Structures are given as structure tokens and as C-alpha cells.
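These figures come from a predicted structure and were not determined experimentally.
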Amino acid sequence: MDTSELEPSKLGTKEHWDNVYEEELENFSENGDEGEIWFGKKAMNEMVRWAKQHAPPRPDMSVLEVGSGNGALLFALAEGRGEACYPAQRLLGIDYSEGAVQLAQSVAHARNLTAITFRVCDFLHEDPSLLADDQKTDLNGAWDLILDKGTYDAIALMEKDKNGRVPVEGYPMRIAKLLNPGGYFLITSCNFTEVELQSKFITEETGLKYHSRIEHPIISFGGSTGSACSSVAFTKSA
């Protein structure tokens, strides 16, 4: 599916996500409900498993999640045991919804994981700030591992800009710019197939290359078979 063929949806609006996280923040304050795990816990755990296998944690490793929502994926990375645990102070989650960041920070406090950083950032138009203890000075190529769990999908549902351009078309180059040579980008999508994701991210401009995929369970419905979501990993040549 071409991203220009998708009809705009409320899921592509900031107003929608502000409302969602306002409600989830209220629920967390009242009863400790941390909110929905986008695509479910199993898909999230598969991303964590992939990361530990192909991009195992290092003390100086920098990890960025684009569209971190309630922070569930970063918490899963930080709560591993022993050497399988990613250093919390090297994890950054960004979201353009202030409510999402407030919720993630509240959950982090409850889980005693306040070393994880969550910041408000409009990824299409802003570069995420470097981590507090980062020795790098250049934002380009600053991240060893970048994760996306549903954010590309939501951006693909945005309205066209005033120039008639689909905002999501600029997303692959944003990833390529921020990814460290030799680093990895892992994306999980429910709107795009593996082939479609590869066609968007593997271009001469991005310099990204296919690395691997996560095999999700196959389901059958209405005479068709396929996975509920697709997870593809890309790497940037060193």
C-alpha cells in the first residue's frame, strides 16, 4: 500500500492522542492502570527479544523510541535481568503528546525507573535532544537503536500538509539521519506489510539496508491468511 493511498483518520491527529492520554493519565492516577500496550504484550516482547539478540545492551548504548506512549516498550527493555538489562539512563522515549510523556513519567516513577528519559518532541520537525550523559555533540547519527511500535502507522494517517505532501513520506529520512552507522532500526506496523516497509525505508537516499524480520503468528480470516502485524529491522552501513 502506498502511503498516499491511506485516508486520513483521527488516529493521525494530535488532538486524538492528547485525549487518549488525558484519559489514561486519569485512569493511572485513580487505579494504577498503565494503559494500553499498542499491538499487545506479545508483539512488544518479541521486539525486546529481537533487540537482545541483535543489539544487546552495552553501557554506552543509546536507544530511542519514537512515539513512546506510556513507555511500556522501554520499561520492558530496562527490566531485564543481569546483563540482559538495558541501562535505563541510556533510554529515551519521545512523543508529541504531552499527556503521553506525563503518563510515561508517572509510570516510570511507580516502577522506580525514573532514569529513563521521556520528552515531548515532534519527530517530523524536531531532533530529539541527546541524553544527559552522552559524550556525542552531533545529533546526526546519535542513536544505536531506534524503535517504532505503531508510530509510523499513525503518522501515515495524518492529513496532507499545505503543500499537498503526505507527512509520513519524510519519516524514513528522519530515521536515517539520526541512526548511528552500524546501528539498527526496528519497526512494528499493522498497516504495512514487510515488503511495503522495505520499499519505503530501503532507498538510495536513506542508505538503510534490510537486516531481519520478526515472525509473528499467522492468522486466517475471511479466507485470507497473514500476520496481524509486521516487524522489520534495518541497519545503516558503518
Side-chain angles (χ1 to χ4, degrees), residues 1-6 12 38 47 50-51 53-58 60-69 73-74 77 86 90-96 117 119-131 134-158 160-161 163 165-214 229-238:
M1 180 186 298
D2 193 289
T3 49
S4 63
E5 297 176 0
L6 289 171
W38 204 242
M47 293 183 73
W50 181 95
Q53 179 180 353
H54 298 284
R58 306 187 312 270
D60 63 342
M61 187 175 191
S62 55
V63 180
L64 171 68
E65 183 183 6
V66 180
S68 50
L73 178 56
L74 293 183
L77 289 175
Y86 286 77
R90 303 298 300 160
L91 306 179
L92 171 64
I94 59 171
D95 205 293
Y96 75 165
T117 304
R119 294 184 183 135
V120 177
C121 177
D122 183 348
F123 182 70
L124 291 180
H125 304 104
E126 301 174 79
D127 288 340
S129 301
L130 296 174
L131 292 164
D134 210 316
Q135 301 300 311
K136 298 175 183 175
T137 58
D138 189 356
L139 293 172
N140 294 337
W143 302 94
D144 299 308
L145 174 62
I146 302 179
L147 304 166
D148 178 323
K149 183 165 61 68
T151 300
Y152 183 75
D153 288 356
I155 294 175
L157 298 174
M158 287 182 172
K160 293 181 179 178
D161 63 22
N163 298 316
R165 186 168 179 263
V166 183
V168 76
E169 293 296 334
Y171 185 98
M173 277 303 299
R174 297 287 297 146
I175 293 293
K177 173 187 175 184
L178 295 176
L179 192 62
N180 187 32
Y184 298 95
F185 169 57
L186 175 63
I187 179 172
T188 294
S189 166
C190 68
N191 287 346
F192 299 95
T193 66
E194 293 177 25
V195 172
E196 289 167 342
L197 290 172
Q198 290 187 47
S199 71
K200 290 300 180 183
F201 287 91
I202 301 175
T203 66
E204 184 177 344
E205 290 76 17
T206 65
L208 298 177
K209 298 180 179 180
Y210 173 81
H211 178 268
S212 56
R213 61 189 289 270
I214 295 175
C229 59
S230 302
S231 295
V232 185
F234 304 91
T235 188
K236 183 176 178 180
S237 298

**Asked** Does any N or O in the side chain of Arg213 come within less than 3.5 Å of the main-chain N or O of Glu194, such that one atom is a donor and the other an acceptor?
**Response** no
**Asked** Are Leu208 and Pro172 close enough that some pair of their side-chain heavy atoms sits under 4.5 Å apart?
**Response** no
**Item:** Closest approach of Phe201 to Ile175 (non-hydrogen atoms, all atoms of both residues)
**Value:** CE2-CG1, 4.4 Å
**Asked** Can you tell me how far the CD1 atom of Ile187 sits from the SG atom of Cys229, to the nearest 0.5 Å?
**Response** 11.0 Å
**Prompt:** Roughly how far, to the nearest 0.5 Å, is CH2 of Trp38 from OG1 of Thr151?
**Reply:** 9.5 Å
**Over all atoms of both residues, closest heavy-atom pair of Leu74 and Val63** = CD2-CG1, 4.5 Å
**Message:** Are Trp143 and Leu92 packed together at the side-chain level, in the sense that at least one heavy-atom pair is separated by less than 4.5 angstrom?
**Reply:** yes
**Met173 side chain near Thr206 side chain, heavy-atom distance below 4.5 Å** = yes
**Prompt:** How many angstroms lie between atom CE of Met47 and atom CD of Glu65, to the nearest 0.5 angstrom?
**Reply:** 7.0 Å
**Message:** If you define the side chain from C-beta out and look only at heavy atoms, does anything of Lys209 sit under 4.5 Å from Ser237?
**Reply:** yes
**Asked** Which value, rounded to the nearest 0.5 Å, describes the distance between Thr235 atom OG1 and Leu179 atom CG?
**Response** 7.0 Å
**Item:** Minimum side-chain heavy-atom gap Lys149-Leu186 below 4.5 Å
**Value:** no
**Complete:** Here the pair of heavy atoms bringing Pro167 nearest to Ile155 is C-CG2, 4.4 Å
**Request:** Would you please name every residue forming a ring-ring contact (aromatic ring centres under 6.0 Å, His included) with Trp50, sequence neighbours left out?
**Result:** His54, Tyr184, His211
**Request:** Check whether any side-chain N or O of Asp161 sits under 3.5 Å from a backbone N or O of Asn163 as a donor-acceptor pair, and report yes or no.
**Result:** yes
**Message:** What I'd like to find out is whether the side chain of Phe185 reaches to under 4.5 Å of the side chain of Asp148, using heavy atoms alone.
**Reply:** yes
**Request:** Apply side chain to side chain contact (heavy atoms under 4.5 Å, CB included) to Ser62 and Asn180, showing your working.
**Result:** CA-CA 9 Å; Ser62 55; Asn180 187 32; over 6 Å; no
**Prompt:** What closest approach, in Å, do Pro56 and Tyr86 show between heavy atoms, and which atom pair accounts for it?
**Reply:** CA-OH, 3.9 Å
**Item:** Salt bridge flag under 4.0 Å for residues Asp144 and Arg90
**Value:** no
**Asked** Rounded to the nearest 0.5 Å, how far does CG of Leu124 lie from CE of Met158?
**Response** 5.5 Å
**Request:** List the steps and the verdict of side-chain hydrogen bond (donor to acceptor under 3.5 Å, both in side chains) for Asp95 and Ser68.
**Result:** CA-CA 6 Å; Asp95 205 293; Ser68 50; 4.8 Å; no
**Message:** Between Ser212 (side chain only) and Ala233 (backbone N and O only), is there a donor and an acceptor less than 3.5 Å apart?
**Reply:** no
**Prompt:** If you look at every heavy atom in Lys177 and Lys236, which pair is closest and at what distance?
**Reply:** O-NZ, 4.1 Å
**Asked** Is the backbone of His125 close enough, under 3.5 Å, to the side chain of Arg174 for a donor and an acceptor to pair up by distance?
**Response** no
**Asked** Taking the inter-plane angle between the rings of Tyr210 and Phe234 on a 0 to 90° scale, is it parallel (under 30°), tilted (30 to 60°) or perpendicular (over 60°)?
**Response** perpendicular
**Message:** Ignoring hydrogens, what is the shortest heavy-atom contact between Ala51 and Leu77? Give both atom names and the distance.
**Reply:** CB-CD2, 4.2 Å
**Request:** Let me know which of Leu64, Asp127, Ile94 forms a side chain to side chain contact (heavy atoms under 4.5 Å, CB included) with Cys121.
**Result:** Ile94
